[in-house]
2 protein chains.
Amino acid sequence: MTLRHAVLGLLAEAPGSGYDLLKRFETAMANVWSATQSQLYGELGKLEKSGLIEVVSEGPRGRKEYAITGEGRAELRAWLLEPWAPPSPRSETLLRIYFLGEVAPVQAREYVRRYAESADELAGHLASIDESVDWDDSDSAVFGRLVLEWGKRHAAMEREWADWAVERIRTARG
Amino acid sequence: MTLRHAVLGLLAEAPGSGYDLLKRFETAMANVWSATQSQLYGELGKLEKSGLIEVVSEGPRGRKEYAITGEGRAELRAWLLEPWAPPSPRSETLLRIYFLGEVAPVQAREYVRRYAESADELAGHLASIDESVDWDDSDSAVFGRLVLEWGKRHAAMEREWADWAVERIRTARG
DNA sequence: GAGCCCATGTAATAAGTTACATGATTGT
DNA sequence: ACAATCATGTAACTTATTACATGGGCTC
């Protein structure tokens with residue numbers, strides 16, 4: 001039930017069509033949550049049926065612009081305040097690293113090096129988002145920057161860890 | 001197809017029953033991947049049927065000890081060397097933070113404070129794992145420590161970020 | 001014999017991915 | 001006219017969660 005709330009949150013910021021939301025998932029939210037086109041349209045249908053969002057206008061090409069309803073906003077707030085437990089982590093990348101003893105040390109180092117590269121790419125991507133977004137002093141901008149900063153710090157941590165790890169693998173096995 | 005490889009990897013380290021593996025998911029792998037009991041037994045059945053693992057002995061209470069086969073080990077290595085793309089991040093916690101502008105600043109700060117606490121708890125948990133595990137100089141110990149270190153750095157980053165974020169929310173809105 | 005752990009399995013549901021399928025509008 | 005982008009939807013499949021269901025063995 002998380003995509004549900006991601007959609008409600010985006011529509012609470014500003015109304016939009018499925019297509020619009022998809023773009024927002026790919027850019028500002030890329031750091032945070034993702035959705036496929038298929039899943040998104042399905043969820044919009046369900047949310048409308050349950051009255052949490054509504055169609056506010058129809059445009060060309062069957063475009064339907066959705067907006068959050070009062071009920072939807074109430075649901076969003078309830079979700080934000082509800083007691084939560086951090087979900088158990090699930091990282092395919094870390095899983096591979098955990099088992100890297102199964103392959104030759106050279107290959108293991110190479111894997112970690114690629115990991116470092118992708119951390120750098122992510123850092124670059126986040127930096128470009130930071131530049132392209134027009135940060136005002138609205139609530140969403142404040143928290144958007146918080147989340148962006150989280151991503152930057154995360155990418156930096158990954159980079160540093162990877163450098164350290166490559167060295168560690170070298171000294172452990174040559 | 002990731003649980004599949006998590007199971008293969010664990011059985012490559014040492015044979016075990018479903019129950020054993022479940023324990024290992026909850027302890028050493030807690031940082032990395034998780035599985036429910038239900039999912040695990042299902043996957044063990046499928047892996048056995050496809051010949052990637054086999055039952056090596058049966059014990060009391062219907063206990064079945066599984067071991068990885070040659071074919072299974074080959075599959076594990078292929079997976080480790082296969083080209084990969086980092087999966088799109090999906091963090092319910094960050095998602096909530098992203099939308100925290102919907103609730104009162106006091107509540108937002110409180111949320112971030114709880115986040116910091118859970119980062120500390122994670123750090124403590126990882127430290128206790130580090131102490132309780134008997135690290136030899138095997139491959140799996142080398143990479144196990146790498147992954148554990150990743151977790152420690154991650155927890156530290158979250159803690160620092162949260163402190164900074166609380167301050168940021170305070171100055172932005174009082 | 002009571003309680004705790006060991007041990008496995010099934011069924012129903014929810015969530016997410018990939019592929020398929022279609023078509024209108026806009027800008028050049 | 002052509003290409004790019006806008007725009008929505010369905011079907012089949014895989015993955016993961018929650019709840020149900022059962023029972024043996026060990027220790028005190």
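All values reported here derive from a predicted model rather than from experimental measurement.
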Does OP1 or OP2 of C:dT25 have a side-chain N or O of A:Arg61 closer than 4.0 Å? no
Assign A:Lys23 to base, sugar-phosphate, or nothing according to its heavy-atom contacts below 4.0 angstrom with the strands shown. sugar-phosphate
Quick one: A:Gln37 CD to D:dC6 P, roughly how many Å, whole number? 14 Å
Pick out which of A:Arg145, A:Lys152, A:His125 makes a side chain to side chain donor-acceptor pair (under 3.5 Å) with A:Asp130. A:Lys152
Measure the distance from CG on B:Asp20 to C1' on C:dC6 and round it to the nearest whole Å. 10 Å
Is the phosphate of D:dT14, meaning OP1 or OP2, less than 4.0 Å from a side-chain N or O of B:Lys46? no
Side chain B:Gln39 and base D:dT17 donor-acceptor under 3.5 Å: no
Counting just side-chain N and O atoms, does A:Arg63 come under 4.0 Å of either OP1 or OP2 of D:dC6? no
Would you call B:Arg109-B:Glu167 a salt bridge at under 4.0 Å N-O? no
Would you kindly give the OH-to-C1' distance between A:Tyr41 and C:dC20, to the nearest whole Å? 16 Å
B:Arg90 near the nucleic acid: base, sugar-phosphate alone, or nothing, with a heavy-atom cut-off under 4.0 Å? sugar-phosphate
Could B:Glu13 and B:Arg24 be called an ion pair, given the rule that one side-chain N must be under 4.0 Å from one carboxylate O? yes
Touch check for B:Ser38, heavy atoms < 4.0 angstrom, all strands: base, sugar-phosphate only, or nothing? base
Per atom distances to the B:Lys64 side chain, the nearest of C:dT18, C:dA15, C:dG9 is C:dG9
For DNA chain C, whose closest nucleotide is more 5', that of A:Thr36 or that of A:Pro60? A:Thr36
Side-chain donor/acceptor of A:Asp20 to backbone N/O of A:Ser17, under 3.5 Å: yes
In whole Å, I'd like the distance from the CD atom of A:Glu92 to the P atom of D:dT14. 17 Å
For the pair made of CD in B:Glu58 and C1' in D:dG24, what is the distance, rounded to whole Å? 15 Å
CG of A:Leu21 versus P of D:dG9: gap in Å, rounded? 13 Å
Give a yes/no on whether any side-chain N or O of B:Tyr19 is located under 4.0 angstrom from OP1 or OP2 of C:dC6. yes
Between A:Arg153 and B:Trp164, is NZ or CZ placed under 6.0 angstrom from the six-membered ring centre and within 45° of the ring axis? yes
Whole-Å distance separating the CG atom of A:Leu44 from the P atom of D:dT8: 8 Å
